[in-house]
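Below is one structure, written out as structure tokens, with a few remarks after it.
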Amino acid sequence: MASSDQLPKNYDFAEVEERWRKTWRDEDHYFDRNSKKPQFVIDTPPPYPTGNFHIGNALNWCYIDFFARYKRMKGFNVMFPQGWDCHGLPTEVKVEELNHITKNDVSREEFRKMCRELTEKNIAAMRITLRKMAFSTDWSNEYITMTPKYYSKTQLSFLRMLASGYIYQSEHPVNYCTRCETAIAFAEVAYEDRETQLNYFDFDGVEIATTRPELLAACVAVAVHPNDERYNKLKGKSMKVPLFGHDVPVVQDEAVDPKFGSGAVMICTFGDKQDVHWWKQHNLTLRKAIDRQGKMTEIAGKYKGLNTTECRAAILADMKEKKILHKQEKLAQRVGTCWRCKTPIEILSERQWFVKIKPDEIQKAAHQVTWYPEHMLLRMENWVEQMEWDWCISRQRIFATPIPVWFCKKCGEMVVPDEKDLPVDPTLVKPKHPCKKCGSTEFAGEVDVLDTWMDSSISVLNVTGWDGNGKPPFFPAQIRPQGHDIIRTWAFYTILRAVALTGGKPWEEILVNGMVLGEDGFKMSKSRGNIIVPEEILEKNGADALRQWGAMGAATGSDIMFNWNDVVSASRFQTKMWNITKFALIQLEKGGFDKDAPVTALADRWLLVRLSDTVEQVSDAMEAYQFDVALKAIREFAWDALADNYIELVKGRLYQQDASRASACLVLHTAFDALCRMLAPFTPYFAEECYSYFNPGQSVHKQPWVSFTYDDEAARVEGNTLVQVVAEVRKYKHDNGLALNAPLGRVTIYAPHSVNDEGDTGRTLNADVHWRTDAAKLDRAITDIDFNRSVVGKTFRKEGQAFMDAVKALSPVELEKPPKTIRINGVETALPENVFTPKYSYMEEGAKVDVLTIGDVIVTIAKK
RNA sequence: GGGCUCGUGGUCUAGUCGGUUAUGACGUCGCCCUUACACGGCGGAGGUCGCCGGUUCGAAUCCGGCCGGGCCCA
């Protein structure tokens, strides 16, 4: 044990946190592949290396670290890996911005190198924040998706799914961002409300309303509702497209809304998802009017080369001139945009790569996973249910995992590399063998690259040791922690890939965390100026306070509003615990403690009961990932039970030297030790610091989780009485204008049980206290009656009020000794036991005393 | 438009398979520097538990409707 004068007066989180950060060793958190302990593998989210670890990440990582540390203390072999999901457009854009170039100004390889360098720099910055936050990361299991080691696995997974038929290429309409010049998946489409114009114009004698006149060149049919009698004459006919002159068929489809516009719509390839639907349904031709850059194509005739906005204006102008534009009205619409750059997406038909979506398979695996909170499973179900298209995984970008495929220039045969040669970039190297079909050695490497979700959706396979052959050794992982914003992407794709590649669910449990909102209750955003960065909190209050906010801010799974109050109260709790530490150390260093000392005094037994309850509550809450419940129980025990009640009761006893002191010392140490251990997952620096003073050279993080139990029902009941008596007498002093330490005269406590308080009550109240079990010799008068309404209600139902009136009508003697039956509304009825308690006022003969009643305990106070 | 979720003192929050006086934090007011702590202690004020209706002896809690916020999806 350290000496109390080594403890600084104030807890200096900055000094303490930095000191322990330097002391702790990474190896302590390494997953042991040869361990016999049960495994607990976490499929940590790999953040995008923006350079800033934001507060939403911080919350999620707090949760992860709470249970990672807890599970280690519970004896699990924990893997808490750290991944980095590097590829993708944001980095490409940043590189272009920082270097004042566009991706076409340098070679693909040069551009990739710039992206890699920026990413490395960003990762380095974010690692520092992770360390400051005291996350018990397993750095031996760090993975970086842009490294050959990782993306060769991505490529291997591609080849495996290609071989098993999950992956195919085809020409199919896809969501396309013409600014980013790449296809994107539905999960990357964000919808925005915009106002547009609905244009009514004459279409070969029929009025048609459209929001996208620029697609006239791509018109392939006119659709009407089959029951729409207005258009009976058109059935089976074809019509001439205005301005362009090509003929298109008239088709009938139930999905046409006769009330919208004129009830006749033009089908273009493609204005929206509905067009794709109709196009397939009615087997229509394909007219590509927009190219990858968003410019009008050849078939747009004189409009060729214009962008869509220019084309729209030109066509509307021409329609006006030809007097075929009838009217224009405003229309609110929801338009799909690129999640990254907010450019409205186009639907283009392109040769792309797809992953087959098999909804039943995914639903089945999703249901085998335990979801916290449960209702988040619904989001997955809903998303899977409405999937219509397969997952488009090819992207026309640069900084991403290459698609490891070549095509024979002579016969078009697809050639894939040997698995042992992975990773490959087919744009840089050639296949090692000639074409099997035609023997040619001329190949074109696939220039498309993979969606970054193809990288991150195998995170769990990567950490569990997947090598391409069935189930990995540590698969499935025990838990996936993630936000609800990426259920439809990361969770969905991961389940899909795990099932496709291993046949099984990826994890046993999924813990979904909420989003962090700003102090104003809105999503944090630059424009609102409500962004809080973790560094700011680390600077002002330290990592432990930030972590406590993460635990206490809201129930696990619900959105959490950032709140400085919670951070402040977290710091205060640390101050309180610091002083408890100091007090305990001062007391225990006087003579140590005897672990076999008999625990005798009521207060001591009571605290151990409270501790036992707390340990049970906290353990249960940790098992259920209810960190708010757990930390709240810890704080309540420390602050309320230990500091405000127990220590106040026993400090007098601790100041003196007699036999009963040993009991208090043992209890103080037991409680303190348990508190350190229970706090260890939440406030690792603080818990370590406090623990170290009592156990120099030992780490609280290497201790087992608390398993303390103490069963003493009498101590619970009598101890609660004791605490209440003290509280009531304090209030009495307060009400009578006395200082809390003001001396009182004789205080007699008439309690139903004999109490051995070792003099604690007297010293605490500064009074001559006597506990007695005999009846107080007081004249008492009944002033009121307390009813146990839960019993009254259950027993008497509608007669409840009548019963209570009947009881009130009883004589004082009957109230003291209740009869067996009572007359209610003229009916003699059984009187249940303990259904009411008389409230008394007491007068003591002769002596002037004040009387307090606390339940069945009577306290008489003689003023000094 | 559909699905999910939430609405509790000034602010944030617990409780939500019905039951005596609705939890805690921050703020606020009063008293107290008692040998761990004034970054503290003790005490107080402050709530029609979003609104309306229903079920029940009894509703923050269950049911229905409405209003409002958030998220996801059309």
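Numbered from 1 within each chain, the chains take letters A, B, ... in sequence-line order.
Nearest nucleotide to the side chain of N10(A), out of G24(B), A36(B), C39(B): C39(B). Closest to the side chain of R572(A), out of C12(B), G40(B), C39(B), is G40(B). Of the candidates A14(B), U5(B), C12(B), C12(B) carries the atom nearest the N563(A) side chain, counting heavy atoms from C-beta on. Relative to the side chain of R379(A), the nucleotides C39(B), C72(B), U5(B) differ in distance, and C72(B) lies closest. Side-chain proximity of H375(A) to the nucleotides C4(B), A36(B), C26(B) is greatest for C4(B). The side chain of K9(A) lies closest to C37(B), out of C12(B), A25(B), C37(B). If you check C42(B), G41(B), G44(B) against the side chain of K731(A), the one that comes closest is G44(B).
At a threshold of 4.0 Å, the pair K632(A)-E636(A) does not count as salt-bridged, since none of the basic side-chain nitrogens sits closer than that to a carboxylate oxygen. A salt bridge is defined here as a Lys NZ or Arg NE, NH1 or NH2 lying under 4.0 Å from an Asp or Glu carboxylate O, and R212(A) with D275(A) fails to meet this definition.
Pair assignment for U23(B): none, as no Watson-Crick or G-U wobble contacts are both less than 3.5 Å. Using Watson-Crick or G-U wobble geometry with both donor-acceptor distances under 3.5 Å, C49(B) finds no partner in any strand shown. The nucleotide A14(B) finds no pairing partner, because no Watson-Crick or G-U wobble arrangement with both distances shorter than 3.5 Å includes it.
Residue order along RNA chain B, read from the 5' end via each residue's closest nucleotide, puts V629(A) first among V629(A) and M515(A). Where S569(A) and E648(A) each meet RNA chain B at their nearest nucleotide, the meeting point lying more 5' is that of S569(A).
No contact: L517(A) has no heavy atom under 4.0 Å from any strand. Residue contacts shown for A643(A) include a base, since a base heavy atom lies under 4.0 Å away.
Annotation: Y63(A) is not in aromatic contact with Y625(A) [ring centroid separation under 6.0 Å not met]. Here the two rings, on Y685(A) and F13(A), have centers that are 6.0 Å apart or farther.
Of the C1' atoms belonging to G65(B) and A25(B), the separation is 35 Å, rounded to the nearest Å. The same atom, P, is picked in G27(B) and in C33(B); the two are 22 Å apart, to the nearest Å. Rounded to the nearest Å, the gap between the C1' atom of U28(B) and that of G46(B) is 9 Å. Going from the P atom of G19(B) to that of A45(B) covers 25 Å, rounded to whole Å. Rounded to the nearest Å, the gap between the C1' atom of A22(B) and that of G9(B) is 11 Å.
For the pair D628(A) CG and U16(B) P, the computed distance is 12 Å after rounding to whole Å. Atom CG of L631(A) and atom C1' of A14(B) are 14 Å apart (whole Å). If you take CD of Q587(A) and C1' of C37(B), they are 14 Å apart, rounded to a whole angstrom.
One finds no side-chain N or O of Y693(A) lying less than 4.0 angstrom from the OP1 or OP2 phosphate oxygen of A36(B). When the side-chain nitrogen and oxygen atoms of Q386(A) are compared with OP1 and OP2 of A74(B), one or more of them lie within a distance under 4.0 Å. The side chain of W639(A) contributes an N or O atom lying less than 4.0 Å from OP1 or OP2 of G41(B). Of the side-chain N and O atoms in K576(A), one or more sit less than 4.0 angstrom from OP1 or OP2 of G41(B). Contact between the side-chain N/O atoms of R730(A) and the OP1/OP2 oxygens of G44(B) is not found at any separation under 4.0 Å.
Looking at E188(A), its side chain does come within 3.5 Å of a backbone N or O of A185(A) through a donor-acceptor pair.
A stacked arrangement is not assigned to F583(A) and the six-membered base ring of C37(B), the conditions of a centre distance below 5.5 Å and an interplanar angle below 30° not being jointly met.
Relative orientation of the F562(A) and W564(A) rings is perpendicular, given thresholds of 30° and 60° on the angle between their planes.
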